[in-house]
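Working notes, beginning with the structure itself.
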Amino acid sequence: MSCFCLVFGKKGPSSATQSSEVDIDISDIENINRYTYKELKIATENFSPANKLGEGGFGSVYKGKLINGTLAAIKVLSAESRQGVKEFLTEIKVISTIEHDNLVKLYGCCVEGDHRILVYEYLENNSLAQTLLGGHSSIQFSWHVRRNICIGVAQGLAFLHDEVQPHIIHRDIKASNILLDKSLKPKISDFGLAKLIPANLTHVSTLVAGTAGYLAPEYAIRSQVTRKSDVYSFGVLLLEIVSGKCNTNRRLPVGERYLLARAWDMYERGELESLVDVFLDRDFNVEEAIRFCKIGLLCTQDSLKLRPTMSKVLGMLIDEMDINEDKMTKPGLIFDIVESKDKGQQKGKAEVENTSSLAGSGIQDDSSLSGTANSFATMTFTSIYDRSN
Ligand SMILES: Nc1ncnc2c1ncn2[C@@H]1O[C@H](COP(=O)(O)OP(=O)(O)O)[C@@H](O)[C@H]1O
Ligand SMILES: [Mg+2]
């Protein structure tokens, strides 16, 4: 078996060790399409800002045209990203073998010198964050379109959870990781950041890599990662898609700031219908929209054991399975998480509250979170992982 060993430095004062070693089995990645740096430089017109699609926790994404004329999204890992190389290599290994209609396809990669670049299929209609929730899009998100997006994302996630062996936990389900193709079919991106859970392991320690607002309380606090933490994030996303609102909006009065809290409130008052996006102008299937909201609430319950699996979620979304709301409990909501990345001592501090006591929360709204994503990624809580979840 051929192996090579990569050593990469860790930067930053909080880094406990100066270097990490990652052993990569070449046979794992030799089937991946490889691009030269020069090729990608040409494809992106020298990584021109005009071609930049966005920036996430691990680097910048550019639109590019490959030599064969295919459009691609080219994700350049930033040098500063302390966990970047590891994430990159993990992503390659994982993604290269996985294909599904609702998952973004990896075309290949570039590993040349210090360069670590992923080349993905390009999705014409951007992400849900920039379109549905960003408010700068001409796309008409009718009920029919939203319904298909919810079901498509559920299918992609159920595939990662149940069909892929060993299963994959995404860990960062959020609106900016749901991309839309030209026919508005949703595709989940960045699932390579998830970890493959070795079948012989029942316990793992991991790093929190998700985005606040979508993070299950047990994930944010104890870094406890299970498929049920993805289910929680999916539940938040579901409510966002139905309501057309971001999960957190600090510009609103405290009582209206948190979508989950509002959804629970409305559920208790029997008014879930009013959570549905006003832009739909009442042109939607009321019964179905209320069902989707209830599923969102089932997914975000504080106790992970009470949350349904993604295959059950799918069954409920397509109305093949009844919703058991008799024992539905309040959503768990994190707040005051990593109050400020500048308060070094506070980093990693998070509290959980039920939705009834949100006043004074210091959580930041998603629009201001992009710069703090790395802060979350630095939290290192050890967790006990229960494979049965
Ligand atoms: N395959 C793709 N096709 C089109 N746009 C993409 C693609 N991948 C990423 N993007 C755009 O680039 C942005 C940055 O992506 P990323 O680095 O993954 O960060 P994040 O997911 O946190 O937004 C995304 O929000 C999206 O708008
Ligand atoms: Mg992304």
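Remember, it's 1-based here, ligands and their atoms both numbered in the order they're listed.
From the protein, the heavy atom lying nearest to atom 21 (O) of ligand 1 is Asn177 OD1, 2.8 Å. In this structure, the protein non-hydrogen atom closest to atom 18 (O) of ligand 1 is Asp190 OD2, 2.9 Å. Closest to atom 19 (O) of ligand 1 among all protein heavy atoms lies Gly56 CA, 3.1 Å. Of all protein heavy atoms, the one closest to atom 24 (C) of ligand 1 is Ser176 O, 4.2 Å. Annotation: atom 9 (C) of ligand 1 to nearest protein heavy atom, Val61 CG1, 3.8 Å. Of all protein heavy atoms, the one lying nearest to atom 4 (C) of ligand 1 is Leu123 O, 3.4 Å. Nearest protein neighbour of atom 11 (C) of ligand 1, counting heavy atoms only, is Leu53 CB, 3.9 Å. Nearest protein heavy-atom contact of atom 13 (C) of ligand 1 is Gly54 CA, 3.7 Å.
For ligand 1, none of its N or O atoms has an N or O atom of Val104 under 3.5 Å away. Inclusion of Glu121 in the set of residues having an N or O under 3.5 Å from an N or O of ligand 1 is warranted. The distance criterion of under 3.5 Å between nitrogen or oxygen atoms is not met by Tyr120 with respect to ligand 1. Checking only distances, Leu179 never comes within under 3.5 Å of ligand 1, N or O to N or O.
Side chains of Asp181 and Ser183: a donor-acceptor N/O pair is present below 3.5 angstrom, by distance only. For the residue pair His161/Asp230, the side-chain donor-acceptor check at 3.5 Å is satisfied. No hydrogens or angles considered: nothing links the side chains of Glu45 and Ser48 as a donor-acceptor pair under 3.5 Å.
Applying the 4.0 Å criterion to heavy atoms of Lys75 picks out, from ligand 1, the atoms 17 (O), 18 (O). Taking every non-hydrogen atom of Tyr122 and a distance limit under 4.0 Å, the qualifying atoms of ligand 1 come out as 3 (N), 4 (C). The ligand atoms of ligand 1 that sit less than 4.0 angstrom from a heavy atom of Ala73 are 1 (N), 2 (C), 3 (N), 7 (C). Short contacts between ligand 1 and Gln130, defined as distances under 4.0 Å to a heavy atom of the residue, involve ligand atoms 25 (O), 26 (C), 27 (O).
You'll find the side chain of Val276 stays beyond 4.5 Å of the side chain of Phe292, heavy atoms only. No side-chain heavy atom of Trp264 sits under 4.5 Å from any side-chain heavy atom of Leu272.
Residues Leu106 and Val61 do not share a hydrophobic cluster, clusters being chains of Ile/Leu/Val/Met/Phe/Trp/Tyr side chains in contact below 4.5 Å. Val236 and Ile323 fall within the same hydrophobic cluster, where Ile, Leu, Val, Met, Phe, Trp and Tyr residues are linked whenever their side-chain heavy atoms come under 4.5 Å apart, directly or through other members.
Tyr122 has its ring centre no less than 6.0 Å from the ring centre of Tyr62. Between His170 and Phe191, the distance from one ring center to the other does not fall under 6.0 angstrom.
Counting heavy atoms closer than 4.0 Å to ligand 1, residue Glu55 contributes backbone atoms (N, CA, C, O) but none from C-beta onward.
Here the rule is side chain to side chain contact (heavy atoms under 4.5 Å, CB included) with Ser233, and of Ile173, Leu157, Asp172 only Ile173 fits it.
For Lys174, the heavy-atom gap to ligand 1 drops under 4.0 angstrom.
Closest to the Mg ion (ligand 2) among the N, O or S atoms of Asp190 is OD2.
Distance check for Asn177 against the Mg ion (ligand 2): an N/O/S atom falls below 2.8 Å.
Counting only distance, with no hydrogens or angles, the side chain of Asp277 and the backbone of Phe279 share a donor-acceptor pair below 3.5 Å.
To the nearest 0.5 Å, atoms CG (Leu297) and CG (Leu239) are separated by 5.5 Å.
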